[in-house]
Amino acid sequence: MSVPDSLFVPMNRDAVDAEAIVRPRLSFAQEAWRRLKQNRLAFAGALLIVLLALLATVGPYLPVQSYDKQVLTDINLAPSAQHWFGTDELGRDVFARIVYGARISLFIGLAATLIDVVIGIVYGGIAGYVGGRADNVMMRFVDMLYGVPYLLIVILLMVVMGPGLATIIVALSATGWIGMARVVRGQVLSLKSSEYVLAARSMGSSGWRIIRRHLVPNAMGVILVQISFSVPSAIFAEAFLSFLGLGIQPPLASWGVMASDGLSVILSGQWWRLFFPALFISVTMLAFNLLGDGLQDIFNPRQRRS
Amino acid sequence: MASYILKRFISMAVTLWLIVTVTFFLMHSVPGSPFDKEGRNTSQTAVDNMMAYYHLDEPLGVQYVLYLKSLLMLDLGPSIGHFPTTVNDMIGRGFPVSFQLGMLALSISIVCGIALGTVAALRKNRLIDQLAMVLAVIGIAVPNFVVATLLIKYVAVEWRLLPVATWGTWRHAVLPALALSTGPLAIIARMTRANMVEVLTADYIETARAKGLHPAVIVFKHALRNAVLPVVTLLGALVANVLTGSFVIEKIFAIPGMGKYFVDGINNRDYSVIMGTTVFYSALLLVMMLIVDIVYGLIDPRIKLHRKEGRP
């Protein structure tokens, strides 16, 4: 039986594309944004962070007194229409200092975290990707550092280098990168041997494509989660150090310094000196923790949160 | 098991040695000597004598070896600020107080944290659950010095229920222990809840329920045991948390514990005290972590310590 040529139809080129190894996809950012919007608490956290950042950015342009201006006729005033958060013992406006403190506290949190991220990703990435003996040695070192109580090291560094903004950031990131390195290394290690990377490889994906399409997006979630927990812990550590007298030096104001100043006058009834800095520290911590929890649920739903 | 513990001891010794070395050279890289400020009204001979007493006139390498030697004999050296007192004396005096405070805080946070987490898990997504978890997030977000101040302000000053500060009877311990326990309590509550929610969906719980066991028996005998197990792994970190937290709490409540000596040491730049307490704290934490790992291996039959590689 012969089939006439006229019955043959040239195959549609599009049918070949059906075999392609991609699905219609959203970019990593789109995907994350879509899921973030569904998680109300995390979204609230993100919104709070944006507000705080806005406050820190535009704060100095608000029509309030400068953070270090002393009006000695207006000392120890309770909150009023003129001084929203009251004034301190030098007649400085507490609201202005809170706004200014937002810049310093957020800056410390972000700067320390940025250094952590860079060192952690490079260190953990190399250890995880190279593997073998290099990984063993590198992680043994990290394990050792992990056993050291980090605040002790931070305190030691602060004592040695003297208090100050740069010192705090250096001291916090000297130990902060360890957590990031462990997380990134673990992630790279498990992703490297995952089935879909193997599948991609067996379908002929180049190494670069695997890194770009699989390793980076999948590790990114865990890194973001880690970031959202390390910013507040840096802010917290700064408050802690300020409390021990090792933080920012006056006339600069961070929330930690203000809170520890406020502690000494709480018993004489000037509640606003402690209340507002403590409120802002707590709200910031809360916002980042909510966002972090949400990101945790978004990016690794199977991992337990603690 | 024995070989695992031996291995861990070796790695602990190396870690401790690293800490000692780093601390030592950090401390000695600070310009000036501890006696600079006394130079004005102290004769040169006296300063020389003091320098010789603390071996500060020797080359750095010799000082380092001397320090290591005395450390091996568990001697942390004399305090520079409070002359006749040694760092060992300070730890001997301060540590029991800190230990009591820390243990009390840990017990409060473990008992209340597990209870809160369990209740939240049993009433998942109900009002109680949401309240408990909001409470837990607040516990994590609010710094403990703020909690301490609020407790002093209201419980001690306004309502006069408990003493404001210092140390002595059990009544003195309540407020500082409460303030110290909020953070760990919140962490434990969240972890217990997460584990409990997962455990409650397990097949063996279903079986127990199908057998007609009393709900209380199911929760306490079957679920809680497995849900609480992972909390043990947190204990190492929580001990560290309580330890550093006690620096601040002891300062606020004027409690004569180790944290106070450490903070005073920092403020007076008393290097031998800072070093001594750092080494002691590090050693304490390392031992605690080892104990936690061993205990975890003992109570969780799925873990075989000798086969484990590194930290889980």
Side-chain angles (χ1 to χ4, degrees), chain A residues 41 45 136 139-162 182 232 235-237 239-240 242-246 255-256 259-260 262-264 266-267 269 271 274-275 277-279 281-290 293 303-306, chain B residues 11-12 14-16 18-19 22-23 26-27 29-30 137-138 140-146 148-150 152-153 157 164 187-188 190-191 194-195 198 230-231 233-234 236-237 240 243-245 247-248 251-252 262-263 265-267 269 271 274-275 277-278 281-282 284-286 289 309-311:
Chain A
L41 276 182
N136 223 331
M139 281 302 126
R140 199 40 65 76
F141 179 64
V142 163
D143 270 350
M144 246 169 221
L145 289 181
Y146 195 73
V148 181
Y150 89 97
L151 265 173
L152 284 180
I153 297 298
V154 171
I155 290 173
L156 275 182
L157 283 175
M158 299 295 295
V159 170
V160 171
M161 298 195 287
R182 283 168 67 100
I235 293 177
F236 201 88
F240 183 89
S242 299
F243 192 85
L244 294 181
L246 291 168
W255 295 337
S260 86
L263 277 181
S264 50
I266 185 82
L267 293 181
W271 54 271
L274 174 68
F275 175 76
L279 179 75
I281 293 174
S282 307
V283 166
T284 311
M285 299 280 298
L286 192 69
F288 276 100
N289 273 300
L290 288 180
D293 283 349
Q303 187 173 322
R304 287 213 188 103
R305 38 180 164 131
S306 53
Chain B
S11 120
M12 271 166 60
V14 176
T15 309
L16 206 56
L18 265 179
I19 295 172
V22 169
T23 324
L26 270 179
M27 283 285 121
S29 66
V30 182
V137 173
I138 290 176
I140 291 173
V142 179
N144 57 14
F145 54 82
V146 175
T149 322
L150 293 178
I152 292 181
K153 166 100 174 138
V157 176
V164 175
I187 296 172
I188 293 178
R190 277 157 57 105
M191 185 146 187
N195 294 334
E198 203 177 290
V231 174
T233 51
L234 270 184
L243 211 96
T244 41
F247 298 165
V248 165
K251 187 183 169 193
I252 295 178
F262 184 64
V263 174
I266 292 170
N267 291 332
R269 300 291 187 268
Y271 295 127
I274 301 179
M275 271 185 70
T277 36
T278 305
Y281 275 137
S282 311
L284 185 72
L285 264 184
L286 289 172
M289 284 192 180
E309 287 191 324
R311 218 183 296 276

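In what follows, chains are A, B, ... by sequence order, proteins preceding strands, each numbered from 1. Heavy atoms only: backbone and side chains are in, while hydrogens, waters and symmetry mates are out.
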_Interface moiety of B:Ile252 toward chain A, non-hydrogen atoms closer than 4.5 Å_ = side chain
*Carefully, step by step, assess A:Phe288 and A:Phe236 under the rule ring-ring contact (aromatic ring centres under 6.0 Å, His included).*
CA-CA 12 Å; A:Phe288 276 100; A:Phe236 201 88; over 10 Å; no
*For chain A, the option from B:Thr23, B:Ile188, B:Val22 that forms the most heavy-atom pairs under 4.5 Å*: B:Thr23
*Close side-chain approach of B:Val146 to A:Ser282, heavy-atom, < 4.5 Å*: no
*asked:* Going by ring pair (Phe, Tyr, Trp, His ring centres under 6.0 Å), name the residues that satisfy it together with A:Phe275, two or more places apart in sequence or in a different chain.
replied: A:Trp271
*Could you tell me which portion of B:Val248 (side chain, backbone, both or neither) has an atom closer than 4.5 angstrom to a non-hydrogen atom of chain A?*
both
*Heavy-atom distances under 4.5 Å only: say whether A:Leu274 touches chain B with side chain, backbone, both or neither.*
side chain
_Proximal component of B:Leu26, with respect to chain A [non-hydrogen, under 4.5 Å]_ = both
*What orientation do B:Phe262 and B:Tyr281 show, parallel under 30°, tilted 30 to 60°, or perpendicular over 60°?*
perpendicular
*asked:* Going by side chain to side chain donor-acceptor pair (under 3.5 Å), name the residues that satisfy it together with A:Thr284, two or more places apart in sequence or in a different chain.
replied: none
